[in-house]
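Heads up: numbering here begins at 1 and tracks the sequence. All figures in this text were calculated on a predicted structure; none of them were measured in a lab.
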Amino acid sequence: MQITETCPIFRSFDEEKARAFYLDWLGFKVQFEHRFHPGAPLYMGVQRGGLVLHLSEHHGDATPGSTTFVRMRGVKALHEEIMARPYANNRPGLEDAPWGLTFEVIDPFGNRLRFAEAQEG
């Protein structure tokens, strides 16, 4: 057996807000977009580096208020990058937590991405 990828699904309720948060502010790129027909709910895959997320407007997909813990390197650089872009609803600070240097962002639908870098030594 080999697991090749983990992909959290986050519930989304507003395409414009999701794009502003994930693409414009966090710097994700769209992998794909799917609708069963014009006007149907959007199911969209986004990616930044090794982090892949699916955002779904479909009722029953995922639960609003979920959290994804993202282990990474360069958490300070990512924090500086996103803080340099305007986004009125989220201004996270860095926290020195027992599991490493951390910051957390909350999307417009209550989902959380917790970015953490383990400290050396």
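- Side-chain contact between Phe21 and Asn90: present, with at least one pair of heavy atoms (C-beta onward) separated by less than 4.5 Å.
- The shortest side-chain heavy-atom distance between Phe115 and Thr102 does not fall under the 4.5 Å cut-off.
- Residues Arg48 and Glu81 are paired through a salt bridge, judged by an N-O separation under 4.0 Å between the basic side chain and the carboxylate.
- Residues Val105 and Tyr87 have side chains not in contact (no heavy-atom distance under 4.5 Å, counting atoms from C-beta outward).
- Leu55 is listed as a side-chain neighbour of Val46, based on a closest heavy-atom distance under 4.5 Å.
- Between atom CG of residue Asp107 and atom CG of residue Leu26 there is a gap of 9.0 Å, rounded to the nearest 0.5 Å.
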- request: Go through the steps to decide whether Val30 and Arg19 satisfy the test side-chain contact (heavy atoms from CB on, under 4.5 Å), and finish with yes or no.
  value: CA-CA 9 Å; Val30 175; Arg19 288 181 186 279; 4.1 Å; yes
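- The CD1 atom of Ile9 sits 10.5 Å away from atom OG1 of Thr63, with the distance rounded to the nearest 0.5 Å.
- For the pair Glu104 and Arg114, the salt-bridge criterion is met [side-chain N within less than 4.0 Å of a carboxylate O].
- No side-chain heavy atom of Thr68 sits under 4.5 Å from any side-chain heavy atom of Arg112.
- For the pair Phe103 and Gly93, the tightest heavy-atom approach, listed with the atom from each and the gap, is CB-O, 3.3 Å.
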task: Dump the intermediate steps for ring pair (Phe, Tyr, Trp, His ring centres under 6.0 Å) on Phe109 and Phe10, then the final yes or no.
output: CA-CA 9 Å; Phe109 322 108; Phe10 279 168; 9.5 Å; no
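- For the pair Leu42 and Glu33, the minimum side-chain heavy-atom distance is below 4.5 Å.
- Rounding to the nearest 0.5 Å gives a distance of 11.0 Å between CZ of Arg11 and OG of Ser66.
- You'll find the side chain of Glu15 reaches within 4.5 Å of the side chain of Glu57, heavy atoms only.
- Side-chain rings of His54 and Phe32 approach one another, their centers coming within less than 6.0 Å.
- Residues Met83 and Pro92 form a side-chain contact, since some pair of their non-hydrogen atoms from C-beta on lies under 4.5 Å apart.
- Under the 4.5 Å side-chain heavy-atom criterion for Ile, Leu, Val, Met, Phe, Trp and Tyr, Leu94 and Trp25 are members of the same hydrophobic cluster.
- A centroid separation of 6.0 Å or more is found between the aromatic rings of His34 and Tyr43.
- Counting only distance, with no hydrogens or angles, the side chain of Glu117 and the backbone of Gly74 share a donor-acceptor pair below 3.5 Å.
- Using a cutoff of 4.0 Å between basic side-chain nitrogens and carboxylate oxygens, Glu80 and Arg85 are not scored as salt-bridged.
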field: Intermediate values then yes/no, side-chain contact (heavy atoms from CB on, under 4.5 Å), Leu113 and Ile106
entry: CA-CA 7 Å; Leu113 290 102; Ile106 305 169; over 6 Å; no
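- Cluster membership check: Leu78 shares its hydrophobic cluster with Leu101, using side-chain heavy-atom separations under 4.5 Å among Ile, Leu, Val, Met, Phe, Trp and Tyr.
- The CG atom of Leu23 lies 9.0 Å from the CZ atom of Phe28; values are rounded to the nearest 0.5 Å.
- Hydrophobic clustering of Ile, Leu, Val, Met, Phe, Trp and Tyr side chains at less than 4.5 Å, counting indirect connections, keeps Ile82 apart from Phe69.
- Atom CZ of Arg35 has more than 12 neighbouring heavy atoms from other residues, nucleotides or ligands inside a 6.0 Å radius.
- Taking OG from Ser12 and CG from Leu53, the interatomic distance works out to 11.5 Å, rounded to the nearest 0.5 Å.
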